[in-house]
Amino acid sequence: MARMKFLCDSERCIECNACVTACKNEHEVPWGINRRRLVTLNDGKPGERSISMACMHCNDPPCAAVCPVDCFLQTADGVVLHSKDLCIGCGYCFYACPFGAPQYPRTTDFGSRGKMDKCTFCAGGPEPDGSVEEYQKYGANRLAEGKLPLCAEMCSTRALMAGDGAILADIYQERSVRRGYGSGAPGWSTAYGRNERGSPFAPGGPGTGGA
Amino acid sequence: MLVKRSSAKTAGNKRSGLVAALADTLESGVSRRGFLRRSGLAAGGIAAVGALPGAMIRKAEAGPILPNVEVVTRKNVCTHCSVGCTVIAEVQNGVWVGQEPGWESPINQGTHCAKGASVRELTKGTRRVKYPLKLVDGVWQRITWDQAIEEIGNKLLEIRQASGPDAVFWLGSAKFSNEGAYLYRKLAAFWGTNNVDHQARICHSTTVAGVANTWGYGAMTNSYNDIQNSKALLIVGGNPAEAHPVSMQHMLRGKEHNRAPFIVIDPRFTRTAAHATEYVRIRPGTDIPIAWGLLWHIFENGWEDKEYIRQRVYGMDEIRAEVKKWTPEEVERVTGVPGAQVRRVAEVIAKNKPSTVIWCMGVTQHTVGTANVRALSILQLALGNIGVAGGGANIYRGHCNVQGATDFGLDVSTLPSYYGLAEGAWKHFSRAWDVEYDYLKGRFASKELMEAKGIPTTRWFDAVLAKPGDIDQPSPLRAMMCFGHGGNTVTRMPDMVKGLEKLSLLVIADPHPTTFAAIKERRNGTYILPACSQFETDGSRTCSNRSMQWGEKVVEPIFESKDDYTIIYLLARKLGFANEMFKHITVEDTRPVPEDILREMNRSCLSIGATGQSPERLKMHMKHQADFDKITMRASSGPCAGDYYGLPWPSWGHPEIRHPGSAVLYDTSKHVMDGGGVFRARFGVERNGVSLLADGSYSKGSEIEDGYPEFTMAVLRKLGWDKDLTPDEMRVIQAIGGGGAEVDNVSWQTDLSMGIIRVALKHGCVPHGNAKARAVAWNLPDPVPIHREPIYSPRPDLVKDFPAIEDRRDFRLVQLARSLQFKVADSDLRQRFPMILTSGRLVEYEGGGEETRSNPWLAELQQSMFAEINTRDAEKLGIRDGAWVWVYGPEDGSKAKVRALVTDRVGGGTVFMPFHFSGFWQGESLRGNYPPDTDPIVLGEPANGVTTYGYDPVTFMQETKVTLCRVEPA
Amino acid sequence: MKTPPEPPRNPPPGNPLQRRDILKTLGLGAAGAAAAAVLPAGDVAQAMESPQEQLKTRYRETEHVKRFYALNRL
Ligand code: SF4
Ligand code: SF4
Ligand code: SF4
């Protein structure tokens, strides 16, 4: 069964932010909320590398584990969704998430932060696929249309990949072999579980020469 | 108020695992975003954003889905850079509701950068100019189109009457379609002036002049896609990761597939350099020394392609003599680059062939821009890399149609298709336009001015402020018609402001108000016409690789905006020459039909081979994009089989002969009907007894197996090929020659029947002749490129060794150079302004930036103007990251208040500023000066508020990359 | 958290949703959309998919998706 994953190839990522704006465009994400963002290591220095980060749709999502109202659900293809109807905006998931994915539209130190919003893997939410309600709360449901996340589909250099994790791993391996070196795709082991995909891509493995 | 994910702060900083590590870096403040986030948002920005939806559960109208409504898909091309990414638009009820990846485009294959991924916002139009506006005593008033055209027209006619046609400056745009650019040039011609220019002046005019003077045509020789064939990439003065992001897809594939060394030469460690296998930091303004330094090793080791040089290059020995001076020690003294590194790079590009050289504005925007370009061209000639797949001079043009606008003559020195301004050129176009030559001549103040280069956009304000005697035309400029052009991309803004103040008429036709509208000094006589974007009209645009792509109208022009064609027509009609100008162009209501304009271009623009790209063929290419190979760009099946994508010019002859276009210029390994070519015989057949024609080199299948001159009737006769002309063709040629002996002079460029071209092709020959490329261009100020220090040189000690060119006159104005340079060097300026100031681009914004800074999806990513300052310098000056600083320029007491971004991206002693900002002036916000609801979301100080004097002698390109400055905490 | 039953049975029948015109099948008129928009979030619960449906696989390896993978291999 295909599990939906992202993989950002830092050898390719040029920090152009197409993924970020594509997401804004597709879901009409308002100012102040970024479902996806760029993280850069060694900015301005040799070895500078960027990766594009969003919700990693973890196999065993820590956000879901801490949610006091149990608003998360994980689809059969591994997408972590949540219900804005149940969400109370408490912010626990933000603490739990290793990637800082959950976002809240309001910023007060006390009281409600507003309903949590995060990357849906372009898979909408608990409402019927493609419904107006679904779009209003969670944005487009590309997966149900037979498409993939727009951020990945539009990535300028084909750095950001999304889809069936097994296929992505395959593509990534092809690239590493072609290059003669790998680069540790940051986030890989956290999102996939340390042992699932074998060592070449895990941080510190033989495939991490470029990182 | 929600500001830029500041929720991260309040929601807690305690994060675990990976992101904690990543975020640490982010928050240590060395990243552009990290620093911006912490610095928050300027108060003005918040006000503007107040209207944006703030909650996550949206109102219905914010969502793009409408039930029960048909979705129409339309194909257009991104309006933000010369890569030319296909944009797939989904439209419902005439509203653009979604963007999808255009997998089929051979160029971008579905991808975009931040700008392209956000173009849909353009037609939502929150910050667009919505109706015509007029400035009355400092207040913007809404007026009708009729009133606007009437008043503007009357004023223009009054100025013409009093001061002559040259008193009006017609500034066109690289964001026009090809048809719009051509039409605007034609408008200026019918108005009677050569004072017509566009952005190419400030981005790649020196490239065009430099390469055209070397091998014949002013364009990228290969393509973005072709870089996948390169075995080594040398990027000089370019940052494609930000300026042409999708090109990096091809470049990185080339790097990976071929394990190609990827070398970046740049004063700044750019995001492109981050992906380099070797990064070479040079002192700004020392491109020629580094090029000659590389060539020194190439010659020294015999790595040059001797046979290629013998057959195809003129004058290389003179280059050798100059290069000899650039020993590793001398190169290091001037550029700061260690000798071993120069040698390593030289060896890599010489031994991994084909190697390509890529350049951008870091090379062109200099007082020695043309010479820089020529030095790199000569480097490629020495290696035999021109005319070879995987090699080439891959010059990344800037705007989405800057190549096309240049090709179609938005230029002070030429008519469309580089015909120049001589009598012959005017006669050619008077025939093509079907008007009397004398009629056109009568439109000008004099025949002399008709054939004299106009005033370039880098100096228009000097031409406004000039005293009548100082300018080589009857009157200083009094009016400016400014279409699609930000004002903040030109250097010396304090002088520009004075010029603006003095204009009696300023007309801005643009989707956004632009910097020009916000200058507070003007209180009357300014009009803004809402022009629509290219997504609201149709027409073709030429990407950097010369492919022409037809864009389909996505939605009708929003609000009261109109497309460029209509606005040009309305003006021409008011000014009284619409009938002559649109003689052979259908005008529907008041809108000239772009297909018809393109057909007229196809009939007249013979000299660059812009003749085969009929609207029908271009549309067919867009429709069948999937049939084109993603590296060669050639279609192997379908109705376009054999064609190169977008028929990259030259596509010789009539569309009917189906020339496939030329993917790689000057490629002798192919038949001319297969896209092959040779260097153009543009500069005669011999010089000082030495032949300029190719020696034993010719394109595949050529019946003349040697060099040959350009084709004229005389040449055809000599070859006995004139018999191949049809009677119809012969009749046209006779008519053009006016009968008699003149017929012999009718050439492939002027023969409107295209018979001469057809016959040349039939015999496997290239119509423009087969010559050598010129390493020595004797008609340029520096026939052999030599290093000259910038006017504001940071090395006064080198100025006497490498002086600027002598002061001179050109383009109707005086050009100061050496006198100013020496004055600067002899003064204490260097002590008072101890840092080098350079400028460049950001990925989120384009050009002057008004359009992109008005787009919330982009504006959110880059909320402050900043200056990059080296870590050690910042420490010395006591400047914290994110703090406000004043950057002072050495002219006019100029200054700009910006935020400091402390980083090692720039070397010690260097300051970098992006040039996309405006709307602040010397610490003061101009937000209130914009017409209501059109002020961009993000405003900032323009970098050019502190840049200085300095121009290339060949094109008057401005120096933006080297000047001096001082930074102080604010 | 809701997770799908293990192991997943046959993937749900590929009901190829066409972007945006799915709405036609739902018969939502313009008025319906507007009404939905002003409903407080809590009141739309009846418009939810069943728990089973919520967890179903949305991903399908369509031509579109295959094209994406192929381009990533270049
Ligand atoms: S998968 Fe969709 S929702 Fe998630 S970041 Fe990408 S575009 Fe945004
Ligand atoms: S679009 Fe691709 S290259 Fe650009 S920032 Fe996102 S992941 Fe990186
Ligand atoms: S700006 Fe250039 S690279 Fe970016 S999407 Fe547009 S055409 Fe492509």
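Within every chain, numbering begins at 1; the chains are lettered A, B, ... in the order of the sequence lines, protein sequences first and strands thereafter.
- The two atoms that bring B:Q99 and A:N25 nearest to each other are OE1-ND2, 2.7 Å, heavy atoms only.
- Looking only at side-chain heavy atoms (C-beta outward), B:R905 and A:E48 come within less than 4.5 Å of each other.
- Using a 4.5 Å cut-off on side-chain heavy atoms (C-beta onward), A:W31 and B:I937 make contact.
- Between B:R271 atom CZ and A:C13 atom SG the span is 9.0 Å, to the nearest 0.5 Å.
- To the nearest 0.5 Å, atom CZ of residue B:F269 and atom CG of residue A:N42 are 9.0 Å apart.
- For the pair B:E256/A:R12, a side-chain contact is recorded, criterion being any heavy-atom separation below 4.5 Å from C-beta on.
- Defined by atom type and a distance below 3.5 Å, a donor-acceptor pair is present between the side-chain atoms of B:E844 and A:N17.
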* Show your working on side chain to side chain contact (heavy atoms under 4.5 Å, CB included) between B:T903 and A:K45 and close with a plain yes or no. => CA-CA 8 Å; B:T903 172; A:K45 300 195 190 82; over 6 Å; no
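- The CE atom of A:M154 sits 10.0 Å away from atom SG of B:C85, with the distance rounded to the nearest 0.5 Å.
- B:P245 and A:T157 get closest at one heavy-atom pair: O-CG2, 4.1 Å.
- Highest contact tally toward chain A, considering only B:M251, B:M248, B:H250, is held by B:M248 [criterion: heavy-atom pairs under 4.5 Å].
- For B:A273, no part lies near chain A; criterion is any non-hydrogen pair under 4.5 Å.
- In this structure, the side chains of A:E11 and B:K255 come closer than 4.5 Å at one or more pairs of heavy atoms.
- For A:A22 against B:A117, the heavy-atom pair with the smallest separation is N-CB, 3.8 Å.
- A salt bridge is absent between B:E121 and A:K24: the closest approach of a Lys/Arg side-chain nitrogen to an acidic carboxylate oxygen does not fall below 4.0 angstrom.
- In terms of heavy-atom proximity, B:P101 sits nearest to A:L150 at CD-CD1, 3.8 Å.
- With contacts defined as side-chain heavy-atom distances shorter than 4.5 Å, the pair B:E100/A:R142 qualifies.
- Looking at heavy atoms from C-beta onward, B:T111 lies in side-chain contact with A:R158 at the 4.5 angstrom threshold.
- Of the inter-residue distances, the one linking B:L861 atom CG with A:C16 atom SG reads 10.5 Å to the nearest 0.5 angstrom.
- Looking only at side-chain heavy atoms (C-beta outward), A:I14 and B:L252 come within less than 4.5 Å of each other.
- No donor-acceptor distance shorter than 3.5 angstrom exists from the side chain of A:R49 to the backbone of B:H275, with no hydrogens or angles considered.
- The two atoms that bring B:C113 and A:A18 nearest to each other are C-CB, 3.3 Å, heavy atoms only.
- A salt bridge links B:R120 with A:E28: at least one charged nitrogen is closer than 4.0 Å to a carboxylate oxygen.
- Using a 4.5 Å cut-off between heavy atoms, A:C90 does not touch chain B at all.
- Between A:T21 and B:K115, the closest side-chain pair of non-hydrogen atoms is not below 4.5 Å.
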